[in-house]
Amino acid sequence: MTFTIPIENGNGVKNAEADSQRTLYPYVTGTSVVAIKYKDGILMASDMGGSYGSTLRYKNIERMKAIGKHSLLGASGEISDFQEIMRYLDELILNDNMWDDGNSLGPKEVHNYLTRVMYNRRNKFNPLWNTLVLGGVKNGHKYLGMVSMIGVSFEDNHVATGFGNHLARPILRDEWREDLSFEDGVKLLEKCMRVLLYRDRSAINKLQIANITEECVTVSEPYSLKTFWGFSAFTNPS
Amino acid sequence: MSQSAVEVPPKGGFSFDLCKRNDMLIQKGLKAPSFLKTGTTIVGLIFKDGVILGADTRATEGPIVADKNCEKIHYMAPNIYCCGAGTAADTEAVTDMVSSQLRLHRYQTGRDSRVITALTLLKKHLFSYQGQVSAALVLGGVDITGPHLHTIYPHGSTDTLPFATMGSGSLAAMSVFEAKYKEGLTREEGVKLVAEAICSGIFNDLGSGSNVDICVITKEGKEYLRNYMEPNPRTYVSSKGYSFTKKTEVLLTKITPLMERVQITEVGEDMEE
């Protein structure tokens with residue numbers, strides 16, 4: 001994973017200090033985020049864990065944040081880079097508000113901004129080590145998109161990051177419908193998060209579900225899922 | 001060191017002599033031959049009366065599909081079947097070998113084979129090859145002690161589970177199982193769930209595809225449903241068949257033996273017989 005591009009300083013020699021200013025590996029990471037479009041807007045779920053390598057160091061990290069009035073950002077990957085992105089977006093929204101022209105940045109605009117930021121950082125071999133999920137509703141149009149750390153971006157009815165791609169996406173491809181109600185949407189997300197809890201080693205049983213509709217953005221209180229371990233083969237593995 | 005007259009008996013275990021030579025060849029630039037991998041989805045689950053095994057039917061060689069409809073559910077004994085993922089040759093060879101050993105054992109004991117016998121024979125073999133035999137297996141069967149389902153990894157470790165998936169499509173299939181498996185499924189529910197899990201692998205994993213094979217084993221007997229589902233049929237087949245374009249017309253047919261036109265000089269020796 002080390003990028004070995006020689007950095008020129010006055011001596012024309014690879015400089016260790018310049019290296020330490022590029023992201024080489026992620027340190028504190030968040031695991032998957034899963035999001036779906038439903039009847040009234042977007043539902044997004046993520047757990048609250050921050051892993052430091054193989055240790056579960058932080059158990060109270062909110063990985064989903066509201067952006068402006070119309071968007072919701074969820075991130076997996078390096079937590080410090082996510083905080084940096086939040087600073088960029090705060091500045092973006094602030095400048096947008098200062099125009100005071102009655103227009104506000106919608107999810108599509110924020111998604112485009114993030115795509116540009118991620119891609120340009122990747123071109124400088126100094127990526128923001130995140131996979132971002134951007135969802136929102138503006139003027140009745142629902143929008144759900146994703147940007148990866150190398151700048152790959154796309155839009156879809158349901159997205160997932162990291163392990164969620166392998167474990168949650170198959171379920172969503174089978175069971176997602178255009179006209180999901182809020183309750184059905186939450187049940188579907190919980191189904192995906194439960195499978196992730198069973199099978200992703202960096203997942204914890206403390207998750208939040210965020211909901212964004214035309215009217216408002218809400219991030220739920222943290223709660224945990226019920227799990228079932230009572231198979232007879234588990235009690236007596238012979 | 002004098003040339004010892006005493007014969008040193010061969011040491012047991014895996015001989016790593018050739019590994020050094022292989023590494024040296026790769027460093028010199030030799031491309032190791034690529035092997036036929038079965039990039040697969042294989043699953044098994046225990047239901048009320050027995051075991052259901054399922055597999056897809058695509059065999060890949062790197063990015064190419066080598067076999068569109070191969071058989072991944074191998075026979076071990078009349079009451080035991082084994083699905084194999086990994087290198088196709090390894091899964092075939094190892095299951096055939098253990099199947100023969102089980103048969104000889106049946107002749108000797110006069111009893112039906114037990115799943116745990118197949119399990120022990122397989123794990124001993126795979127462990128002794130330290131993971132070089134790239135076979136990941138889902139072994140299931142019903143014997144006198146009841147239904148059993150095991151997974152065996154290439155390094156020789158085993159698990160005993162109520163439901164199991166292996167192969168590149170294992171995560172897609174496992175997500176279906178984790179969401180929908182319950183104990184005490186009926187035969188219809190079990191077959192439907194297995195088919196759903198394999199389809200999840202077929203459609204969400206690039207290494208798996210084509211059709212669904214299912215094998216249901218109960219204490220009454222087994223039912224091998226080859227190509228139980230074909231969710232990827234060839235949809236367009238031209239009704240006319242292949243129509244050849246109009247060839248150039250034959251104007252004249254005249255045969256001229258060349259022997260009359262040329263002079264033959266014999267030079268050189270005859271070829272040896």
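Chain identifiers are assigned alphabetically (A, B, ...) following the order of the sequence lines, protein sequences preceding nucleic acid strands; residue numbering begins at 1 within each chain.
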Side chain, backbone, both or neither of B/F177 within contact of chain A (heavy atoms, under 4.5 Å)
neither

Count the heavy atoms of every other residue, nucleotide or ligand shown that sit under 6.0 Å from CD of B/Q108, and state whether that count exceeds 12.
no

At a heavy-atom separation under 4.5 Å, does A/R173 approach chain B through its side chain, its backbone, both, or neither?
side chain

Hey, could you give me the OG/CZ distance between B/S170 and A/R199, rounded to the nearest 0.5 Å?
9.0 Å

Chain B contact via A/F228 - side chain, backbone, both or neither, heavy atoms under 4.5 Å
neither

Going from CG on B/L161 to CZ on A/F231, what distance comes out if it is rounded to the nearest 0.5 angstrom?
10.0 Å

If you look at every heavy atom in B/A179 and A/K191, which pair is closest and at what distance?
CB-CE, 3.7 Å

Other residues, nucleotides and ligands only: do more than 12 of their heavy atoms fall within 6.0 Å of OH on B/Y181?
yes

Please examine the side chains of A/H166 and B/M174, heavy atoms only from C-beta on, and report whether any two atoms are closer than 4.5 Å.
no

Please determine whether the number of non-hydrogen atoms from other residues, nucleotides or ligands lying under 6.0 Å from atom CZ of A/R177 exceeds 12.
yes

Of all the heavy-atom pairs spanning A/L167 and B/S175, show the shortest one and how long it is.
O-CB, 2.9 Å

B/H105 atom NE2, over 12 foreign heavy atoms within 6.0 Å:
no

Between B/E178 and the options A/L196, A/I171, A/V195, the side-chain contact (heavy atoms from CB on, under 4.5 Å) test singles out A/V195

Non-hydrogen atoms of chain B under 4.5 Å away: do they reach the side chain of A/E175, the backbone, both or neither?
side chain

Should we count CZ of A/R169 as having more than 12 external heavy atoms under 6.0 Å?
yes

Taking side-chain hydrogen bond (donor to acceptor under 3.5 Å, both in side chains) as the cut-off, I'd like each qualifying pair that reaches into residues 33-43 of chain A, sequence neighbours left out, listed once.
A/Y38-A/N211

Answer yes or no: are there more than 12 heavy-atom neighbours, outside B/K180 itself, under 6.0 Å from its atom NZ?
yes

